[in-house]
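In what follows, a single structure is set out as structure tokens and then discussed.
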Amino acid sequence: MSKEKVLKISWRVFLAGMSILTVLFFFDIKFVVLGINILVLDMLTAGIWVFVRLCRWAGRENTEKRTIVVVVIILMGLFAAPVLLFGLGMNGGWYEYAEGTEPQTHRTFVVEYCRNMLQKGTAKVYERFGPLLFPCDVPEYSGNLALDELDAEYASVYISEEQQAITVSLFIYGPRFHIPLKLPEGTAKTPERVLIEQPVDDDHSAFLVDTKGQLGKLLVTTELERTPTEDCRFTVHFSVWNPASMDEPLQTMTAGADFRPNCYTIDANFDGYMDFTCTYIQGNQVYYDHLWIWNEGDSRFESVPEYDEISVPDLDEETKTIYGFTSSSGGGTGLHTFHQWASGNLLCVRQIEIYHVGRSDTVRMSIQDRIANELVEIYHEDFSSESSGWLDAQMVWHDLDYHGEPGGIYDIFQQQLIDDTHDAFLVSTGGRLGTLLVTAELAMENKNEFGTRDITFSVWNPADMEQPVQTFSEEFMMGVAPEFHHVVDADFDGFQDFGYLFFLGNQPNYCHYWLWDEEYGQFKYCAPLSEISQAVFDPERQVVTGWARSSGAGDGVTTFHRWEDGELVCVRRVESFSPWEEPSVVRVQDRIDGELQQVYREEFSWPGEEPEGQEAWRQAQHKWCDLDYHGEVE
């Protein structure tokens, strides 16, 4: 056989082998030698073949012109190569490889990774058999891929007893892969082994929570549903499992998030049992977490909605405090919050708010402390915006044992008598007099056969306690108690008012309200508010909602009031009745031309006859409780 024929056959065999290895590459079986995969070898082979063919072509005839063409083509290729590499680097990078061998089993594993110039990319682990790489049954990693020059020095592949797997750790800051080992028959899986068997992708993740309780380590899996919630872009479903019994979850929870959840285990309530959080909103300088705390008595996690409002929560084990801060500018203004646990509830015990006063050159630092179960301003100080004096002044208030100089509002309140006939609370009016002290004294004698008694309220300026700013009385049936007062901006004018409970029935309850008049510097009684049961004040919609239940069937009267020219007027009244063995009724009145007029009335079948009638009755109530709803459009 001639030499030329041998070369031709060898070349064809070589091309056939290259083709087979290239096809295998796309079936995730990869030929890699010295960190170079088959695709790179294909391109090198094609480049050499093209170069040889061009050189032969240039040497046949018109040598000078053909040589110029070859040189131009080569220069274009040299120019295109860095452009191609730059494009790959920006978008997804190119394949790179890191390799390590487990010393006991002598199994060699290779991590194939791609990363772009933003240090983000993907990584997948393979097991080497000669020059071929076979994929391991381990999820591909996708995310941050910041590599370090010390990766090679600290790279390791070892058997993890906890995971019952071979751990491939070839990067300091990169992913770690766990390849499950085949277990002897009858060997129980560890929680760590169960964890690595869970699917992890763009929509699924899993982690362990070592509760430190009777159930020990629990597995929590998450599933991202691309359905928006009221406040977030996605819905996240959490399932809690006992790794020793994976037949069904111990409990399930649902929460909203703006992205794939990042979850962490912490002891948020400092009780020695581990809890977990899920970051659901993240901005430039802030983030917010959902929190579930472990209840050892009930063997389940419980949601803590108050934690959702804490920006960048920071736990202090020593003081048992959760600190949060929301920045409003680069100058140190914003809101500092301090939360502590009391009787199982998470309460804000102090706020430090630093803000610009209107459009003026003044920056105000306002300190609010929780007193009588209300956050009230106990101190404020103004600074010029150029001074930045608030940066140092605020630090003393980070000590929760500090409540201002002796004789301040906090000390004055602590001196007040609170018992069966006396009460005291603070009202941060937001006006020129700032925070005022209100004391209440219950008269000893009944006024009538119903047991009503007068309560005398005295309003004091803590800066001058010689005599009250004003004094007034009103009839009450409930007596006095710290939980009876309610500080709120009832007329939405920016100044705080207060109410005091005077009647409490099976459900309906009524308060007397006094509104702060900044012009006169006094509280003024508001009789219309005392007629609204269980008043709820919505400053965003400028609506006062009332609800008076008639029975356990869920029927009653819902009212909606608004302030118009200083007068409280009812803009909608929804009456719902569900009498026994009679049709249920929904009747709606809207304010039209200055008076309430009926705009809707409908009867629904008695539930004993048609159960679906009760649901339709409830839906009708719900629709008309939206003030933007005015009936079905025909």
Side-chain angles (χ1 to χ4, degrees), residues 269-270 306-307 309-311 313-316 318-326 328 332-355 357 363-383 389-418 422-440 459-465 481-489 494-500 516:
N269 56 347
F270 313 107
E306 294 81 5
Y307 196 88
E309 307 300 323
I310 303 177
S311 171
D314 182 18
L315 279 61
D316 187 334
E318 183 178 351
T319 62
K320 304 292 189 290
T321 302
I322 302 174
Y323 167 75
F325 176 62
T326 305
S328 61
T333 59
L335 179 65
H336 304 259
T337 60
F338 301 81
H339 285 73
Q340 290 184 337
W341 297 89
S343 302
N345 297 314
L346 184 61
L347 302 176
C348 183
V349 296
R350 175 168 293 174
Q351 285 187 356
I352 304 174
E353 187 175 8
I354 303 171
Y355 59 95
V357 180
V363 173
R364 174 165 296 176
M365 179 182 71
S366 171
I367 312 298
Q368 291 188 330
D369 268 5
R370 178 168 292 275
I371 300 176
N373 207 33
E374 298 274 356
L375 279 175
V376 294
E377 184 180 78
I378 63 171
Y379 178 81
H380 73 260
E381 185 176 354
D382 292 340
F383 305 86
W390 61 87
L391 296 175
D392 293 329
Q394 65 165 300
M395 296 311 298
V396 67
W397 293 97
H398 282 242
D399 179 3
L400 296 182
D401 292 328
Y402 178 77
H403 299 282
E405 297 299 320
I409 294 177
Y410 185 86
D411 287 347
I412 291 173
F413 179 81
Q414 298 302 319
Q415 297 168 8
Q416 303 308 307
L417 179 63
I418 298 178
H422 297 83
D423 191 17
F425 53 94
L426 296 169
V427 181
S428 299
T429 64
R432 65 181 184 276
L433 293 185
T435 299
L436 299 177
L437 170 68
V438 180
T439 59
V459 181
W460 306 79
N461 186 344
D464 182 7
M465 293 291 291
E483 62 270 20
F484 286 174
H485 74 268
H486 179 38
V487 178
V488 64
D489 181 7
F495 300 104
Q496 292 291 299
D497 317 303
F498 78 90
Y500 211 88
W516 177 251

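Since we're looking at a predicted model, the values are computed, not measured. For the numbers below, each heavy atom of this structure counts, side chains included, while hydrogens, waters and symmetry mates do not. We're numbering straight along the sequence, starting at 1.
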If the condition is side chain to side chain donor-acceptor pair (under 3.5 Å), which residues does [X] pass it with, not counting sequence neighbours?
X    : result
E381 : Y379
T319 : D316, T321
W460 : T439
D382 : R364

Tell me, please, which residues at least two apart from [X] pass side chain to side chain contact (heavy atoms under 4.5 Å, CB included).
X    : value
E377 : S366, Q368, H380, S428, T435
I371 : D369, V376, I378, Y410, F413, L426
L315 : I266, A268, F270, Y307, I322
H336 : Y323, F325, F338, I352, I354, Q394, H398

Worked verdict on V427 versus W516 for side-chain contact (heavy atoms from CB on, under 4.5 Å): CA-CA 10 Å; V427 181; W516 177 251; over 6 Å; no
Salt bridge (charged side-chain N to carboxylate O under 4.0 Å, His left out) contacts in which one or both residues fall within residues 398-417, not counting sequence neighbours: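 For residues 398-417: none.
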Pairs flagged by salt bridge (charged side-chain N to carboxylate O under 4.0 Å, His left out) wherever residues 423-437 is involved - sequence neighbours left out: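 Matches after skipping sequence neighbours: R432-E518.
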Contacts of H485 that satisfy ring pair (Phe, Tyr, Trp, His ring centres under 6.0 Å) - sequence neighbours left out: F425
Those residues that, when tested against Y355, pass ring pair (Phe, Tyr, Trp, His ring centres under 6.0 Å) (two or more places apart): none
I need the [X] [atom1] to [Y] [atom2] distance, nearest 0.5 Å.
X    : Y    : atom1 : atom2 : result
L347 : R370 : CG    : CZ    : 5.0 Å
L335 : I310 : CG    : CD1   : 11.0 Å
Q416 : L437 : CD    : CG    : 4.5 Å

I418 to P482 - nearest heavy-atom pair and separation: CG2-CG, 4.0 Å
Considering all heavy atoms, the nearest S328-G334 contact: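 Looking at all heavy atoms of both residues, the closest pair is OG-N, 3.3 Å.
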